[in-house]
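For reference, the structure is listed below as structure tokens.
Numbered from 1 within each chain, the chains take letters A, B, ... in sequence-line order. Excluded from the calculations below are hydrogen atoms, water molecules and symmetry mates; all remaining heavy atoms, backbone and side chain alike, are included.
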Amino acid sequence: MKSPTLNQSIMDTLLLQCHHLTQFNQILSQSIVTGFIKDTYAASRILNFSTTQSSIVNLNNYSRKIFDHVENYSNAFIYNTMMRSYLQTNRPKETVFLYKLMSDNKKSVYPDTYTYPLLIQACIARANILEGKEIHDHVVKMGFDSDVYVRNTLINMYAVCGVMIDARKVFDESPVRDSVSWNSILAGYVQMGDVEEAKLVFDKMPDKNIIASNSMIVLFGRCGCVIEAYRLFVNMKEKDIVSWTAMISCYEQRGMYQEALVMFLEMNRKGIGIDEVVVISVLSACAGSAVLETGGSIHGLVVKTGTSCYVNIHNALIHMYSMCADIAAAEQLFDSSSHIDIISWNSMISGYSKCGSLKNAREVFDKMPVKDVVSWSALISGHSQAGMFDETIALFQEMMLYGQIKPDETILVSVISACTRLAALEQGTWVHAYIKKNGLEVNSILGTTLIDMYMKLGCVESAKEVFYKMDKKGVSSWNALILGLAMNGEVEKSLEMFSEMKRCGVVPNEITFVAVLGGCRHMGLVDKGRHHFDSMINTHKIEPNIKHYGCMVDLLGRAGLLKEAEELIDSMPMAPDVATWGALLGACKKHGANEMGERVGLKLIKLQPDHDGFHVLLSNIYASKGSWEDMAEIRGTMTEKRVVKIPGCSIIEANGIVHEFVAGDTGHPQIHEIEEMLDMITERVKMIGYAPDTNEVCFDIDDEEKETTLFRHSEKLAIAFGLMVTNPPTPIRIMKNLRICNDCHTLAKLVSKAFDREIVVRDRHVFHHFRQGSCSCMEYW
DNA sequence: TGCCCCTAGC
């Protein structure tokens with residue numbers, strides 16, 4: 001019986017004015033006392049209120065109370081309302097439970113066409129496709145499968161679960177299809193990234209509504225079809241904020257930040273308005289392009305429109321300022337946050353790293369209450385980019401020891417590059433083993449980083465293995481392989497891979513040609529070098545850059561074609577740099593072209609007065625022709641200008657520790673043993689024909705002293721140490737900062753034979769693999 | 001009496 005004091009319209013008014021829990025409780029108790037709640041209409045109003053006004057009422061505490069009071073079950077209505085309440089408050093399990101309750105209730109209430117869409121949504125929320133299929137069977141049995149709402153929800157369910165065959169079946173067999181049916185099936189293909197099928201569906205659509213068009217723009221954006229996205233966008237009869245946002249984020253994701261910003265400005269001019277989504281997208285574009293000005297004015301706009309209170313926008317602003325290297329603005333926002341989100345903490349780490357303030361980055365990191373993989377990644381890659389390779393590896397080890405975080409691709413790439421730079425092969429191999437053991441995906445970037453590491457540390461076979469196992473090889477992967485093979489003396493194989501690359505349809509870029517020409521240079525392949533240089537310009541339409549010219553000058557110069565090399569320098573469209581002249585100077589030294597050498601050397605010293613190498617080369621040219629006075633003058637200039645000859649330095653990794661030797665070094669703790677070993681080496685190699693090549697030491701000193709200086713070359717110390725602390729068949733791997741000298745080269749060849757050990761020396765330019773008395777460089781370096 | 005389906009960002 002209805003109370004005279006409470007009816008539907010009074011209740012509606014009361015609920016409209018209800019802003020506090022106490023008021024709600026009054027309405028509820030009045031409904032219960034008067035018995036008004038027994039009516040489904042009243043109960044559903046109260047239920048809906050408690051679902052939508054979660055800030056006032058916690059539905060969990062009330063739903064069953066309200067539901068259990070209902071007596072009038074004339075149809076499924078109250079069940080549907082209840083199911084929707086559960087669904088909207090993220091309790092899909094209870095939605096399904098209620099359906100089961102309804103099916104075996106004794107009041108003979110049956111599900112209707114409204115029940116199934118709710119129920120199917122509950123299955124989607126539970127990601128339970130098996131349950132969904134069961135419901136689909138019920139739908140057919142109950143005869144609701146002709147209802148367009150039910151069918152559309154089924155299409156949607158199959159589509160979001162990725163079962164496009166079933167989605168398509170429901171779609172194709174539908175007696176009636178409305179725009180939602182088309183949109184739902186299209187959404188499935190969009191989600192799968194199936195551009196071809198999506199295009200077919202979209203083309204067939206009778207009316208290309210705004211939702212479908214927006215989805216297509218999103219899909220084109222994700223697949224990188226920017227032009228198609230734009231074509232669709234401009235042809236749309238009407239556009240909404242979603243269309244604009246989709247187009248902007250399409251540009252943003254392809255790195256076309258300028259276009260994204262222009263589009264945002266146009267959108268503003270047209271008075272479309274802004275929301276949280278578009279602001280975040282355009283702030284990402286500002287962050288990506290480091291356009292601080294635009295970022296700042298968007299910040300102003302955000303404050304004006306009051307959207308700055310969203311935590312996501314706050315995060316995006318901090319990220320934008322960090323990436324634009326305006327660390328002060330980022331700090332200000334960060335410090336003013338009432339609650340700091342982990343994304344903002346991470347942005348601050350990246351921001352400090354970007355500014356090179358690694359100390360601050362570490363401080364922020366240490367203060368963080370909870371760290372995720374992004375935090376570690378920002379810190380580790382920050383150190384790697386700052387060239388702090390020891391710290392990069394130490395942080396990685398710290399992270400692994402901590403144990404909670406699985407490294408992501410950025411971290412792995414940073415650590416592997418650090419290993420490459422430090423020649424820490426053991427550590428690098430460990431990281432690779434970790435990747436394999438954990439089945440992590442080796443994508444193009446990670447694979448290329450691994451190839452680069454193995455190649456630069458002289459492990460050609462391991463590099464090749466990585467290359468062949470890669471599913472997607474980018475042009476950089478091929479470049480790393482081609483460059484690496486050439487570096488390791490396998491120039492023929494390198495050029496073969498270059499042909500193979502072209503055969504696979506991969507378009508070479510300018511870096512590829514640096515590698516190819518570099519390979520020709522290492523082996524003195526003048527004709528091949530000329531051929532590739534020409535084909536780069538004429539076939540591949542790549543303008544040679546200064547590096548390509550440098551390679552060619554070096555190649556021609558080394559082959560003794562000094563005049564042609566100098567002519568090439570004269571023909572360069574850009575000003576030759578020190579490396580180009582340096583290559584010619586080196587060639588002059590090699591071929592005893594003292595006149596040209598003197599000319600080029602003096603030019604170089606003018607160009608870069610503080611470079612040690614040119615002074616040394618020039619003084620060596622004077623020394624070799626016996627012009628001791630000129631040489632003394634150069635040495636004098638060097639002292640005057642405080643040009644110091646960079647000492648030769650070799651590093652060798654043994655049992656996980658990197659040992660460094662400098663020429664003339666006496667500081668190593670095991671120096672006495674090393675010297676004894678050196679004596680033994682000398683005796684053994686002298687027996688098979690070694691004679692010290694004292695020409696290498698171009699100081700004006702006597703022969704005996706020359707020999708001693710020669711024996712203090714860093715690579716000799718490293719070889720001796722390597723023989724002491726490693727066992728065959730492990731190769732002795734050494735990295736040298738300068739080029740290996742003639743004498744050390746001869747000695748290494750003989751040691752590899754006399755001691756039956758492989759020695760791998762990476763000098764400033766190439767690898768030398770010494771095996772059984774010969775070297776992979778074929779005497780050409 | 002009423003209620004049910006499809007679109008965008010980090």
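- In this structure, CG of A:L317 is placed 19 Å from P of B:dG9, rounded to the nearest angstrom.
- Atom pair A:F264:CZ and B:dG9:C1' shows a separation of 13 Å (rounding to whole Å applied).
- Listed candidates were B:dA8, B:dG9, B:dC5. Nearest to the side chain of A:N312 is B:dG9.
- Considering only the side chain of A:Y114, B:dC3 comes nearest among B:dC6, B:dC3, B:dA8.
- The distance between the ring centers of A:F202 and A:W182 does not fall below 6.0 angstrom.
- Closest approach to the A:N80 side chain among B:dC5, B:dC3, B:dG9 is made by B:dC3 (side chain taken as heavy atoms from C-beta onward).
- A salt bridge does not link A:R254 with A:E259: every distance from a Lys NZ or Arg NE/NH1/NH2 to an Asp or Glu carboxylate oxygen is 4.0 Å or more.
- Considering A:I32, A:T34, A:L28 as possible partners of A:Q30, the one that fulfils the side-chain contact (heavy atoms from CB on, under 4.5 Å) test is A:T34.
- Residue A:T115 is classed as having no contact, given no heavy-atom separation below 4.0 Å to the nucleic acid.
- With sequence neighbours excluded, the residues satisfying side-chain contact (heavy atoms from CB on, under 4.5 Å) with A:D408 are A:V373, A:S377, A:T410, A:I411.
- Which of B:dC3, B:dT7, B:dG9 sits closest to the side chain of A:V242 comes down to B:dT7.
- Checking B:dA8, B:dG9, B:dC4 against the side-chain heavy atoms of A:D275 singles out B:dA8 as nearest.
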>> ring-ring contact (aromatic ring centres under 6.0 Å, His included), that's the test. Do A:F24 and A:F49 meet it? Break it down for me.
In response: CA-CA 9 Å; A:F24 177 79; A:F49 183 86; 5.7 Å; yes
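- Looking at heavy-atom distances under 4.0 Å, A:N48 makes no contact with the nucleic acid at all.
- Proximity of residues 243-261 of chain A to DNA chain B (heavy atom under 4.0 angstrom from any strand atom) is restricted to A:S249, A:E252, A:Q253.
- At whole-Å resolution of the value, CE in A:M267 and P in B:dA8 are 16 Å apart.
- Rounded to an integer number of Å, the gap from NE2 of A:H314 to P of B:dG9 is 23 Å.
- Between A:N152 and B:dC6 there is no side-chain polar atom (N or O) within less than 4.0 angstrom of OP1 or OP2.
- Straight-line distance from the CZ atom of A:F144 to the C1' atom of B:dC5: 16 Å, rounded to whole Å.
- In the set B:dG9, B:dC5, B:dC3, the nucleotide with an atom closest to the side chain of A:D112 is B:dC3.
- Each of B:dC6, B:dG9, B:dC5 was ranked by its minimum atom distance to the side chain of A:N183; first place goes to B:dC6.
- In this structure, A:T153 reaches the sugar-phosphate backbone alone: every heavy-atom distance under 4.0 Å involves primed, P, OP1 or OP2 atoms, never a base.
- Atom pair A:L154:CG and B:dC4:C1' shows a separation of 12 Å (rounding to whole Å applied).
- Among B:dC10, B:dT7, B:dC3, the nucleotide with an atom closest to any side-chain atom of A:R84 is B:dC3.
- In this structure, the side-chain contact (heavy atoms from CB on, under 4.5 Å) partners of A:N209, at least two apart in sequence or on a different chain, are A:S179, A:N183, A:M205, A:D207, A:I211, A:A212.
- Checked against salt bridge (charged side-chain N to carboxylate O under 4.0 Å, His left out), A:R91 has the following partners two or more places apart in sequence or in another chain: A:E94.
- Considering only side-chain N and O atoms, A:Q121 lies nowhere under 4.0 angstrom from the phosphate OP1 or OP2 of B:dC4.
- The CG atom of A:D240 sits 12 Å away from the P atom of B:dA8 (whole-angstrom rounding).
- The side chain of A:S284 has B:dC10 as its nearest neighbour among B:dC10, B:dG9, B:dC6.
- Both stacking criteria are satisfied for A:Y149 over the base of B:dC4: a centre-to-centre distance under 5.5 angstrom and an angle between ring planes under 30 degrees.
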Name the atoms and distances for all side-chain donor-acceptor pairs under 3.5 Å in residues 120-137 of chain A, with sequence neighbours left out.
{"unit_1": "A:R126", "atom_1": "NE", "unit_2": "A:E131", "atom_2": "OE1", "d": "3.2"}
{"unit_1": "A:R126", "atom_1": "NH2", "unit_2": "A:E131", "atom_2": "OE2", "d": "3.2"}
{"unit_1": "A:N128", "atom_1": "OD1", "unit_2": "A:L130", "atom_2": "N", "d": "3.4"}
{"unit_1": "A:N128", "atom_1": "OD1", "unit_2": "A:E131", "atom_2": "N", "d": "3.0"}
{"unit_1": "A:K133", "atom_1": "NZ", "unit_2": "A:D166", "atom_2": "OD2", "d": "3.0"}
{"unit_1": "A:H136", "atom_1": "ND1", "unit_2": "A:Y158", "atom_2": "OH", "d": "2.7"}

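- Atom CD of A:Q191 and atom P of B:dA8 are 9 Å apart (whole Å).
- Listed by chain and residue number, A:D12 satisfy the salt bridge (charged side-chain N to carboxylate O under 4.0 Å, His left out) test with A:R45 (two or more places apart in sequence, or in another chain).
- Using a 4.0 Å heavy-atom cutoff across all strands shown, A:N214 reaches at least one base atom of the nucleic acid.
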